[in-house]
Amino acid sequence: MSLASTISDPGVTAGRRTKLREGLEDLDALLVTRAVNVRYLTGFTGSSASLLVTADADVLRTDGRYVEQAAEQSPDLEIAVDRGDEWLAKRLGPGVRLGVEDHDLPWARVRQLEAAVEGVVLEPAGARVERLRQIKDSGELSAIAQACRITAETLTRVLAAVQPGTTEREFAARVEAGFRDAGAQDRAFATIAAAGPNGARPHHEPTDRAIAAGDLVTVDCGALVHGYAADMTRTVAVGAPPAEQRLIAVHDAVRAAQTAGIEAIVPGATAGDVDAAARSVLADAGLKDAIAHPTGHGLGLEVHEQPILRSGGVATLQPGMAVTVEPGAYLPGIGGVRVEDTVAVTEVGATVLTVATSELPFR
Ligand code: ZN
Ligand code: ZN
């Protein structure tokens with residue numbers, strides 16, 4: 001089977017819906033309205049999509065633009081074509097307890113649904129599909145691994161060629177062109193390239209600032225393969241050793257923190273354990289106040305998914321999860337360092353999927 005078919009084959013997506021149905025005892029039906037969740041459960045990638053899951057039938061709704069695509073991508077499903085809620089009114093009656101994705105549904109939409117289906121009882125169903133999505137199957141892991149391979153190879157190649165004078169924007173464009181040349185579907189998110197003092201901003205948008213000799217440059221990027229993301233960051237010195245000497249020690253500390261975070265990943269460890277392992281290394285290096293974000297996050301169809309590896313996080317790590325480990329230290333006005341890898345959680349620990357050195361070479 002091709003990679004594409006192991007990810008969204010009707011047999012695979014039907015299995016996911018079965019798992020979802022098993023957890024529905026408290027409801028008569030579930031209405032899935034997040035497009036990414038519909039995609040996970042049906043293989044349908046159109047932007048107009050919702051899915052009704054009941055005890056004995058699943059119905060995929062889309063609009064006229066996507067009828068053909070829906071039939072092709074989800075041949076096993078009944079397809080309703082509707083821009084409104086009549087399809088629901090037809091299938092649900094008074095007293096039906098209908099779970100909705102309350103974490104994503106605007107209040108106005110809740111009121112619309114209540115008005116559309118007479119007597120329906122809407123229940124907040126929470127992030128059930130997102131919880132299922134935390135554990136990847138083998139097809140999903142293959143897609144993530146391929147995205148990670150492309151990302152690591154591309155970033156290594158682009159970093160090796162970077163020279164003073166290159167702008168942040170050019171740098172980001174080279175990375176993204178490299179992804180496409182290597183066969184990726186797209187970039188998973190807009191590449192971050194932050195040179196010199198801009199590195200102090202974790203989510204800096206690339207500018208026309210030319211990289212100067214002695215700048216530290218942080219590049220955060222990820223390829224997309226069959227809808228699945230990779231996420232990786234390296235910080236390197238360009239042209240000369242860092243002009244800000246202090247950043248050499250910061251880079252060492254961030255790398256050590258990342259190693260500690262990855263080593264803390266074992267099935268049964270909590271998200272908070274991993275965060276604490278990385279955070280304590282930074283704190284010991286005097287960088288407690290330079291930390292600006294959690295240590296990592298799950299990823300898959302979205303770049304940021306559960307579990308978030310944050311301070312006090314109670315989520316338990318399990319085999320089949322894919323998460324990032326990305327400690328960083330940010331010194332306003334001076335610069336910053338982040339080192340990020342995507343790893344797969346296995347029965348015995350973590351396997352790094354974005355394999356590339358994180359040393360601080362001078363380019
Ligand atoms: Zn990242
Ligand atoms: Zn990340």
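Indexing begins at 1, ligand by ligand and atom by atom, following the structure's order.
Taking 4.5 Å as the limit, every side-chain heavy atom of V158 sits out of range of all side-chain heavy atoms of V219.
The Zn ion (ligand 1) sits nearest to atom OD1 when only the N, O or S atoms of D231 are considered. Minimum-distance N/O/S atom of E340 relative to the Zn ion (ligand 1): OE1. Distances from the Zn ion (ligand 1) to the N/O/S atoms of D220 are shortest for OD1.
Judged purely by atom type and a 3.5 angstrom limit, R234 has no side-chain atom pairing as donor or acceptor with the backbone of T218. A donor-acceptor pair is defined here as one N or O able to donate and one able to accept, closer than 3.5 Å; such a pair exists between the side chain of R128 and the backbone of G23.
At least one N, O or S atom of H297 sits under 2.8 Å from the Zn ion (ligand 2). Distance check for E326 against the Zn ion (ligand 1): none of its N/O/S atoms falls below 2.8 Å.
The environment of E86 atom CD is sparse: at most 12 non-hydrogen atoms of other residues, nucleotides or ligands sit within 6.0 angstrom.
Checked against R34 for a side chain to side chain donor-acceptor pair (under 3.5 Å), the options H103, E101, E302 give a single hit: E302.
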